[in-house]
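Numbered from 1 within each chain, the chains take letters A, B, ... in sequence-line order.
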Number of protein chains: 2
Amino acid sequence: MTPLTGYVGYALRRAQQTIFADCNHALAKLNLRPGQFAVLLTIDQNPGASQSSVSAALGIQKANFVATIADLENRGLVRRRKSDTDGRTYSLSLTPRGRSLLQHASELQSVHEARVTAQLGNEGRQQLLCLLERLMALPGAGQLK
Amino acid sequence: MTPLTGYVGYALRRAQQTIFADCNHALAKLNLRPGQFAVLLTIDQNPGASQSSVSAALGIQKANFVATIADLENRGLVRRRKSDTDGRTYSLSLTPRGRSLLQHASELQSVHEARVTAQLGNEGRQQLLCLLERLMALPGAGQLK
DNA sequence: TATTGTTATACTCTATAACTATA
DNA sequence: TATAGTTATAGAGTATAACAATA
């Protein structure tokens, strides 16, 4: 049957589901979903950033980010501190436990990424990343609102 | 900020969202979502197929396929006929109106696909399709159940 | 026993509008 | 006025268990 061969959108969706399932399985030991991993990584790379800036960088609506960040805070992985200079914003940072978990998660993610590399080859993986980056620059993209 | 560069899974997710939004916008005039387009196309290419086989080919749980097919039937696009040889199954086919809509949708989809090709080049698009197909063959994939 | 289609249910992700408090 | 964070809500997509009818 195998329908829809040759449609980039469909191939993207199926490949994304496959890779997501593999990544999800890799991180499940830490009770982390891929999206949560992305949040922790972004906060680690941008300590002190606000919720809005982190959620915007990840393409997540700020409204939908509230529950995510609350969960990570409740688990003792993320710290929210009221900004000194702007009473509206919270400064996000990782707790020591958050950094430790992220370190562990990064190792698991590396194993997952190695499976991808084993499948595509190093060159193929680089090609794919380059092509996907170009796709994200599609005219009209980023105008979700 | 731009985090998570170099992660295939993350790049896939973002690119898929971009392409999906573009495809969704292209088909919105027909009140068709990309998933419904895929269903119509699969039925057209496999007339008489059962719900189970179509949903399995598209990676959709049969339970979740019920509402989808009911909607397409209610809109007069898909016909469900009880099989002569197997009283359990329904044979799916497109109505004339379904074929007409699919024809129109295919044209809109082609315009969308042309935008992708304009972004990646013909060669880049072919490379991407090839790489995504290899990704879907990732060991452990297709074992969702 | 196994399979098809179905119902019920639940969880995740996403999208929008409206509110508050701060700026 | 505009922005940050919040709440409420709704719509997709996806996953599992269990059932009736049929094989």
OP1, OP2 of C/dT6 versus side-chain N and O of B/R80: anything below 4.0 Å?
-> yes
Mind listing the N/O atom pairs, protein and nucleotides 11-13 of chain C, below 3.5 Å?
| from | atom 1 | to | atom 2 | distance (Å) |
| --- | --- | --- | --- | --- |
| C/dC13 | OP2 | A/R33 | NH1 | 2.7 |

Apply side chain to side chain donor-acceptor pair (under 3.5 Å) to A/D71 and list each qualifying residue two or more places apart in sequence or on a separate chain.
-> A/Q36
For the pair made of OH in A/Y10 and C1' in D/dG13, what is the distance, rounded to whole Å?
-> 14 Å
Hey, does A/L135 have a side-chain heavy atom less than 4.5 Å from the side chain of A/L12?
-> yes
The side chain of B/Q51 lies closest to which of these nucleotides: C/dA15, D/dG5, C/dT6?
-> C/dT6
Please identify each residue that fulfils side chain to side chain donor-acceptor pair (under 3.5 Å) with B/T89, with sequence neighbours left out.
-> none
Out of C/dT6, D/dG5, D/dA15, whichever nucleotide has its closest atom nearest the side chain of B/Q61 | D/dA15
When you get a sec, tell me which of C/dT16, C/dT7, D/dA15 is the closest nucleotide to the side chain of A/A63?
-> C/dT16
Hey, could you give me each pair passing salt bridge (charged side-chain N to carboxylate O under 4.0 Å, His left out) that has a residue in residues 6-33 of chain A? Not counting sequence neighbours.
-> A/D22-A/R115
If you find the nucleotide of DNA chain C closest to A/N64 and the one closest to B/K62, which residue's nucleotide is nearer the 5' end?
-> B/K62
Can you tell me how far P of D/dT16 sits from CD1 of B/I60, to the nearest Å?
-> 15 Å
Indicate if B/L32 and A/L4 have the same hydrophobic cluster label, given that clusters are the connected sets of ILVMFWY residues with side-chain heavy-atom separations under 4.5 angstrom.
-> yes
Send over the distance from A/K82 NZ to C/dT22 P, rounded to a whole Å.
-> 6 Å
Can you name the side chain to side chain donor-acceptor pair (under 3.5 Å) partners of A/Q51, sequence neighbours left out?
-> A/R80
Applying side chain to side chain donor-acceptor pair (under 3.5 Å) to A/E107 and not counting sequence neighbours gives A/Q103
Check: residues 124-131 of chain A side-chain donor-acceptor pairs under 3.5 Å, at least two apart:
| from | atom 1 | to | atom 2 | distance (Å) |
| --- | --- | --- | --- | --- |
| A/R125 | NE | A/E113 | OE2 | 3.1 |
| A/R125 | NH2 | A/E113 | OE2 | 3.2 |
| A/R125 | NH2 | B/G6 | O | 2.6 |

Between C1' of C/dT4 and CZ of B/R81, the distance in whole Å = 16 Å
Taking only N and O in the side chain of B/S52, is any of them less than 4.0 Å away from OP1 or OP2 of C/dG5?
-> yes
Results of salt bridge (Lys or Arg N to Asp or Glu O under 4.0 Å) for B/R134 - residues two or more places apart only | none
What residues in residues 84-92 of chain A put a non-hydrogen atom under 4.0 Å from any atom of DNA chain C?
-> A/D86, A/G87, A/R88
Within this structure, what is the CZ-to-C1' distance between A/F65 and D/dT6, rounded to whole angstrom?
-> 14 Å
